[in-house]
Amino acid sequence: MQSQNDELYQPAVLIPNMIRDLKQKMTSSGIPCQTSTITDNTIKILLAALNIDIPIKLAKKYYSLLLQAKKSADRCKICQKERDKVISCVKIHAILDKTKQEIYLTMGHCPFAKDIYKKVNYQHLLDKLLLGKRFRNRTFDTFIPRDGTKDAYEFCKTWCKTYTPSANGIYIAGANNGNGKTHLAVAILLELIKSNIAGAFIVVPNFLQELQNAFGNSTEFIRIFNTYKLAKILVLDDISAIRLDKDQKAGEWAREQIFMLINYRYEWALPTIITANCGLTELQKIYGKRIVSRIIEMTDYVKNTATDYRLTLKW
């Protein structure tokens, strides 16, 4: 079957010049090109090598093109090209049009470059997440379950399996630092990019600092804001860790920026993963009702009661 990424070369019946050139090359190299001199066994061997089911009679008619596809496959097997050259390489495939009883040649990317494409694409999406170096291995596989983490761990894994573009997000709460809240949030992002779903990660105090640094530069301010506002999935890490005023509330400017971000994602039903060192009642004291009421509706609440893992490490 022709893949969506393959470029249709041309039906064999429309490229007589190619056939003539191929015949000249094959004749000069001692390869028979008259179908009358090609045995059924030769055709069977060729079709088996190409893993294609074509009637013998039809295969003889298009023997030249089938042979070209075979040569292309043979070249792939012994190719020792460097990564960038493999990615730009193409392989010729023979395709049977059963309706018209014609054989087509298609050109597709080298099959041996498939894994390279996956790695390159994964790295590209990983870079778009804006994750620091330390967090790039925070997957579900590297998460160490401890007392108090089971519910949050299982909920996040299940959430990834049932993900939809308009799914409710998750509010991961836990009073203790270093108990795996951020690890689980990042693991969700890393799991989804396996399915080519790109997201973004930001520590909320850092987000507000970036906006402040861009003050006076409207183009940069909008770029930063839109990076997170429009992300298919967004992790807002440490939403409760911002600087508070004397009344233990977020400043008016900070509340306004967080409200605009949350409200946009709320209105457009964009999944948002939030981590915090407090529950929603405490968060309301920091940000007010209009922000928290939206968070309540747009996320599912899960609690991580584990202790600080970092404090168990040997110094």
Original post:
Distance from I45 atom CD1 to D40 atom CG, nearest 0.5 Å?
Top reply: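 The CG atom of D40 is 11.0 Å from CD1 of I45, to the nearest 0.5 Å.
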Original post:
Rounded to the nearest 0.5 Å, how far does OG1 of T149 lie from NZ of K181?
Top reply: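 It comes to 12.0 Å.
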What residues, two or more places apart in sequence or in another chain, satisfy side chain to side chain donor-acceptor pair (under 3.5 Å) together with [X]?
| X | result |
| --- | --- |
| N137 | none |
| R265 | T272 |
| N217 | none |

Subject >> ring pair (Phe, Tyr, Trp, His ring centres under 6.0 Å) contacts touching residues 274-302 (sequence neighbours left out) >> reply: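 Non-adjacent pairs meeting ring pair (Phe, Tyr, Trp, His ring centres under 6.0 Å): Y171-Y301.
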Compile the donor-acceptor pairs under 3.5 Å between side chains in residues 229-238 and protein atoms, sequence neighbours left out, one pair per line.
unit_1, atom_1, unit_2, atom_2, d
K229, NZ, N226, OD1, 3.3
D237, OD1, T182, OG1, 2.7
D237, OD1, T275, OG1, 2.5
D237, OD2, T182, OG1, 3.2

Subject >> Same apolar cluster (I L V M F W Y, side chains within < 4.5 Å links), I286/M260 >> reply: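 Per the 4.5 Å side-chain linkage, I286 and M260 are co-clustered.
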Original post:
Will you find, in the side chains of E210 and N206, an N or O donor that is under 3.5 Å from an N or O acceptor?
Top reply: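 Note: E210 and N206 side chains miss the donor-acceptor criterion.
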Taking only distance into account, with no hydrogens and no angle test, what donor-acceptor pairs under 3.5 Å do side-chain atoms of residues 290-297 form with protein atoms, sequence neighbours excluded?
unit_1, atom_1, unit_2, atom_2, d
R290, NH2, E256, OE1, 2.8
S293, OG, K289, O, 3.1
S293, OG, R290, O, 3.4
R294, NE, N263, OD1, 2.8
R294, NH1, R290, O, 2.7
E297, OE1, Y266, OH, 2.8

**OP:** With sequence neighbours excluded, tell me which residues meet salt bridge (Lys or Arg N to Asp or Glu O under 4.0 Å) with K194.
**Re:**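 By the salt bridge (Lys or Arg N to Asp or Glu O under 4.0 Å) rule, K194 matches E191.
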**OP:** Please name all residues satisfying salt bridge (Lys or Arg N to Asp or Glu O under 4.0 Å) with E220, sequence neighbours left out, ordered by chain then number.
**Re:**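 Partners of E220 by the salt bridge (Lys or Arg N to Asp or Glu O under 4.0 Å) criterion, ordered by chain and then number, come out as R223.
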Original post:
Excluding sequence neighbours, so at least two apart, what forms ring-ring contact (aromatic ring centres under 6.0 Å, His included) with Y228?
Top reply: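 Listed in chain order: F207.
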Subject >> Results of ring-ring contact (aromatic ring centres under 6.0 Å, His included) for F259 - residues two or more places apart only >> reply: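 Per chain and number, F259 pairs via ring-ring contact (aromatic ring centres under 6.0 Å, His included) with no residue.
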Original post:
salt bridge (Lys or Arg N to Asp or Glu O under 4.0 Å): which pairs involve residues 136-165, sequence neighbours left out?
Top reply: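 Those involving residues 136-165 are D127-R136.
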Original post:
How does the hydrophobic cluster around F215 look, that is, which other residues are in it when side-chain heavy atoms under 4.5 Å mark a link?
Top reply: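 The other cluster members (ILVMFWY side chains, heavy atoms under 4.5 Å, direct or chained): none.
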